[in-house]
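Written out below as structure tokens is the structure these notes cover.
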Amino acid sequence: MQEPVKGTVTPLASLFPPEEAQKASKRVQDALADRQSELDRLQGFIADNTALVNLVQRLPDELHHDIMVPFGKAAFFPGRLVHTNEFLVLLGEGYYAERTSKQTVEILDRRGKALESQVDSLKAMMKDLKAEVSFFDATAAEAVEGLVEIREDYVEESSSERVIERGPPKPDSPRFSGEDSMKVAAEDEEYARMMLRFDELEKEELAAGSGDEHDEDEHNEADVDHSLSQLSGDHVLGSLEERQVRKPLHHSKDEYATTEELLSKQHFEEDFANQLKSKIQLEGLKEQSVPKDSDDVSHGKSFANRATQSSSHGKDNIQALPTSKAETSVQSSKPATDSLKAFTGSIVEHTRNIQMNPREQAASSSQSSGSQPTKPVSRFKMQRR
Amino acid sequence: MDGLIQQKVQRFEEFVDRRLKPDLVHAIAERDKVFERQEVFSNLRRNIENLEKNSVTSLQTMVNLGSEVYMQAEVPDTQRIFVDIGLGFHVEFTWSEALKYISIKEESLANQIQEYTRLIASIKAQIKIVCEGIRELLQLPAER
């Protein structure tokens, strides 16, 4: 619980500044343009080659062709082609071979194939470059948008904690499940403590020698009630703290939707609180049915104990949270609920309110998930400033 | 005041980079083209003079069909020669006529080259002047 912030949150803009990404994109685009011109050149060669193949195939049809024989670059003599089935083909490195028309066509075909394979490789390269360009563009766009990268090392943990830490990023489910499992863990611990206390009380009772016939039933009921009230007690306590924390946060930001949300949540929690009160009263009545006053008092104490324990839990959790609380400078010392913890590792990048609101509404309809996402918002905003 | 100077300097620099330097590059490229043309004609003149000297009447050559594929060609009569006079026109000349034309052509090409050289020099001078102006605006000490 006390371990430092898990994982790191880096804004993409700090890793890849948008201008740099755009520059990179520009450079790759230039390279792409080069490749494109190269491709055009090669395709020109291919066209020349096919034209030449046609010509070479046609030339031997006649014994000689009347042409203008070039004489230097700027002059021609009227003349004619002779020996129309004799070609001198450059093999490379200044070596020429005398070939017939057919053989020349074969050579030219092989040249054409080589050209085509070059074209293919060039096209593949261009495809890569295009992908690169789109990647750089996307990176630039994302950096401008303020995307953040969240990294968290995987650490082996107890299953209950892992659920909390690695809860799925959906805002509605993880809070609930995370909180639940957290509570289970807390409950186990406290249950044991409670049982100890009960044993003590039992001994006292036995020592006092009264209320022996009620004992068993009483305890069972008390157990159930305790676990219940503890559960809800945690909740109410947490939510009270939460409210204290959140309200100023909301004032600092302009998220009306979430305040609405919060209100509904408050109602919900008030209901919860009422239930709790009635339960406590019930419990109190039952306790009163037990003749010993000292029991009652001690119970109250244990209750108070638990309350402080759970609140200290809350504090623990808040320390495990990213330090954004302190940055917000709004009641940073106030503990938040366990559920906040569930969100530390799993906030999805986009910090837009637009995205948050529908999710929250969905969450609120299902449960009192509330305004968790607002916290990350503030956090990222802080980082961006 | 500083801002004004900065603006002016920037404008001058833009003028140099966007206008004068491309102009200079263009002029040099044009001059190179003319040089090439001049070389072609001087080669032609030398070749014709060679033919005259050896009194060649018929001629066997290899014609490039493209992609370094050659075929033999023969010229039965070398007395008449068709010379490129520009814009895709070729004129039929005798050797002496061709030589006369080539000398005139070479002269005009030399003139063109001179013109381009002058143009290049003036562009260079303009660049220098603008650079001097920038220097004065920034009140830097003169070079050398």
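Throughout, protein chains are lettered first and strands after them, A, B, ... in sequence-line order, and every chain is numbered starting at 1.
Counted within 6.0 Å of NE2 on A:His83, heavy atoms from surrounding residues, nucleotides or ligands total more than 12; the atom is thus considered enclosed. Shown here is B:Glu107, whose CD atom has no more than 12 heavy atoms of other residues, nucleotides or ligands within 6.0 Å.
Remark: side-chain polar atoms of A:Arg111 are paired, donor with acceptor, to backbone N or O of B:Ser67 under 3.5 angstrom.
With values rounded to the nearest 0.5 angstrom, A:His64 atom NE2 is found 13.0 Å from B:Met71 atom CE. For the atom pair CZ of A:Phe87 and CD of B:Gln72, the computed distance is 11.0 Å after rounding to the nearest 0.5 Å.
Within residues 31-49 of chain B, the residues approaching chain A closer than 4.5 Å by heavy atoms are, in numerical order, B:Val40, B:Phe41, B:Leu44, B:Asn47, B:Ile48. Of all residues in residues 33-43 of chain A, none places a non-hydrogen atom less than 4.5 angstrom from a non-hydrogen atom of chain B.
For B:Thr61, the part lying near chain A is the side chain, with the backbone staying farther off; criterion is any non-hydrogen pair under 4.5 Å. For a residue to count as touching a neighbouring chain, one of its non-hydrogen atoms must lie under 4.5 Å from one of that chain's; by this rule B:Leu59 touches chain A with the side chain only. At a 4.5 Å heavy-atom cutoff, the contact between A:Tyr96 and chain B is made by side-chain atoms alone. In this structure, chain B has a heavy atom under 4.5 Å from the side chain of A:Leu59, while its backbone stays farther away.
Here A:Phe77 and B:Phe82 keep their ring centres 6.0 angstrom or further from each other.
Across all their heavy atoms, A:Pro78 and B:Pro76 have their closest contact at O-CD, 4.1 Å.
Looking only at side-chain heavy atoms (C-beta outward), A:Phe76 and B:Ile81 stay at 4.5 Å or farther from each other. Within the 4.5 Å cutoff, no side-chain heavy atoms of A:Leu88 are placed close to those of B:Val69. In this structure, B:Val63 and A:Leu81 have side chains that are in contact, with non-hydrogen atoms separated by less than 4.5 Å.
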